[in-house]
Amino acid sequence: TMVWAAALIQYYIRGYVVPSPSSDPYAWGDMFPSCHPLLEEHHSPINLDHQMTRNESLGSLHLEGFDVIQTGLWTVKNDGHSVVLQVGNGMSVSGGGLPDVYHTIQLHFHWGGPATNGSEHTVDRRRYPMEMHVVNMKSIHPNMTAALDDPTGLAVLGFFLDVSERTRPFPLMNLLPKHNMSQYYRYYGGLTTPPCSQVVVWTLYEVPIYISWSQLAQFTSQIFSTEEDAKQVTPLQNNFRHIHPTFSRIVSVSKEAKLLTGTSGRPLGSDVSLQLLPILLLGSLISGL
Ligand SMILES: *[C@@H]1O[C@H](CO)[C@@H](O)[C@H](O)[C@H]1NC(C)=O
Ligand SMILES: *[C@@H]1O[C@H](CO)[C@@H](O)[C@H](O)[C@H]1NC(C)=O
Ligand SMILES: *[C@@H]1O[C@H](CO)[C@@H](O)[C@H](O)[C@H]1NC(C)=O
Ligand SMILES: *[C@@H]1O[C@H](CO)[C@@H](O)[C@H](O)[C@H]1NC(C)=O
Ligand SMILES: [Zn+2]
């Protein structure tokens with residue numbers, strides 16, 4: 001499996017040419033009116049500060065099929081904004097205040113550069129090195145077009161990725177904050193890439209996933225973006241959208257969230273254990289480049 005998959009990611013990441021939209025998020029509004037912050041008020045990402053509201057009814061989400069090997073064809077590609085792992089059927093999320101069951105369709109990453117951080121959401125203005133998004137579509141919808149017409153058509157799970165000097169490289173799969181999945185923030189926002197549709201129920205986990213510096217470097221310097229007529233490839237970097245105001249939105253805090261500040265959430269070593277097989281696959285693929 002690793003062999004064919006490694007070949008596949010090489011092909012897509014090095015060979016795929018991505019046309020517009022512009023890589024400058026401030027210019028997206030020209031081509032996609034709903035990306036224009038002055039016309040629409042429920043944009044993402046936002047800064048998560050301590051003006052949040054505890055909601056005792058927000059318990060852990062139910063992640064179905066995340067800890068088993070899924071069958072079916074998965075594909076990895078560089079879509080020009082990120083590395084996207086498109087998953088097959090069999091994974092879903094529900095509970096935790098979500099209005100329905102949502103089927104998992106893909107996951108992808110946002111990052112900065114060799115010396116800059118690139119999470120999309122910030123916590124007390126701090127930007128983490130990376131952010132992973134697990135994108136889920138409401139199960140009643142047959143396709144993305146229909147989901148983008150529903151104000152809660154998508155549910156995205158966001159995980160911050162931080163670096164830890166204490167650890168040697170390991171598969172990302174080993175890193176989900178399994179014991180801290182009940183600690184999260186919730187707000188209603190939108191897609192952070194065009195068409196910026198305001199249809200996303202966001203869940204942001206407060207305890208980050210820890211990776212090594214070398215794993216971070218795989219993202220910041222080993223993945224390339226290519227302009228259609230460019231003679232050379234350039235590293236795909238800083239693929240995060242700017243922060244937006246919350247306006248009148250309430251940002252909720254789950255029952256067990258701790259409202260961590262600064263560096264209080266450091267790695268727990270072997271205590272942090274693992275699920276979410278796609279991450280193992282993608283982690284291995286990226287490392288294999
Ligand atoms: C708390 O969360 C539940 C589930 O999402 C929601 O129905 C309720 O309105 C929320 N309460 C407040 C005060 O926001
Ligand atoms: C970037 O991330 C590193 C590693 O976690 C952290 O030490 C640093 O404070 C972050 N920088 C900013 C500007 O948030
Ligand atoms: C998406 O689903 C809607 C609602 O069922 C349907 O009307 C539409 O034709 C579908 N679009 C595509 C591109 O399949
Ligand atoms: C993660 O969860 C464990 C077990 O509930 C808890 O003891 C620990 O304090 C949590 N970690 C953080 C950083 O909140
Ligand atoms: Zn994203």
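Since this is a predicted model, take the numbers as computed values, not measurements. For ligands, and for the atoms within them, numbers begin at 1 and follow the listed sequence. We use all heavy atoms of the structure for the numbers below, so side chains are in, but hydrogens, waters and symmetry mates are not.
For a threshold of 3.5 Å applied to N or O pairs, the pair formed by Thr145 and ligand 3 contains no separation below that value. For ligand 2, the polar-atom distance check against Asp162 finds a nitrogen or oxygen pair separated by under 3.5 Å. Residue Asn117 has at least one nitrogen or oxygen atom sitting less than 3.5 Å from a nitrogen or oxygen atom of ligand 2, judged on distance alone.
The presence of a protein heavy atom under 4.0 Å from atom 7 (O) of ligand 3 is ruled out. Within a 4.0 Å radius of atom 2 (O) of ligand 3, the protein contributes one or more non-hydrogen atoms.
His43 and Glu41 are not linked by any side-chain donor-acceptor pair at a separation below 3.5 angstrom, with hydrogens and angles left out of the test. Looking only at atom types and distance, the side chain of Glu64 has no donor-acceptor partner in the side chain of Ser92 under 3.5 Å away. Judged by distance alone, the side chains of Thr203 and Arg186 do bring a donor and an acceptor atom under 3.5 Å apart.
Counting just the N/O/S atoms of His133, the one with the shortest distance to the Zn ion (ligand 5) is named ND1. Taking the N/O/S atoms of His108 in turn, the shortest distance to the Zn ion (ligand 5) belongs to NE2.
For ligand 3, the atoms lying closer than 4.0 Å to a non-hydrogen atom of Pro142 are 2 (O), 4 (C), 5 (O).
A donor-acceptor pair is defined here as one N or O able to donate and one able to accept, closer than 3.5 Å; such a pair exists between the side chain of Ser82 and the backbone of Phe109.
Atom CG of residue Leu161 and atom NE2 of residue His110 lie 11.5 Å apart, to the nearest 0.5 angstrom.
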- Task: Please assess Trp28 against His36 for the test ring-ring contact (aromatic ring centres under 6.0 Å, His included), listing each intermediate value before the final yes or no.
- Result: CA-CA 7 Å; Trp28 290 344; His36 207 295; over 10 Å; no
- Query: Step by step, would you call His141 with Tyr102 a ring-ring contact (aromatic ring centres under 6.0 Å, His included)?
  - Reply: CA-CA 9 Å; His141 296 307; Tyr102 290 73; 8.7 Å; no
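Nearest protein neighbour of atom 10 (C) of ligand 3, counting heavy atoms only, is Asn143 ND2, 2.4 Å.
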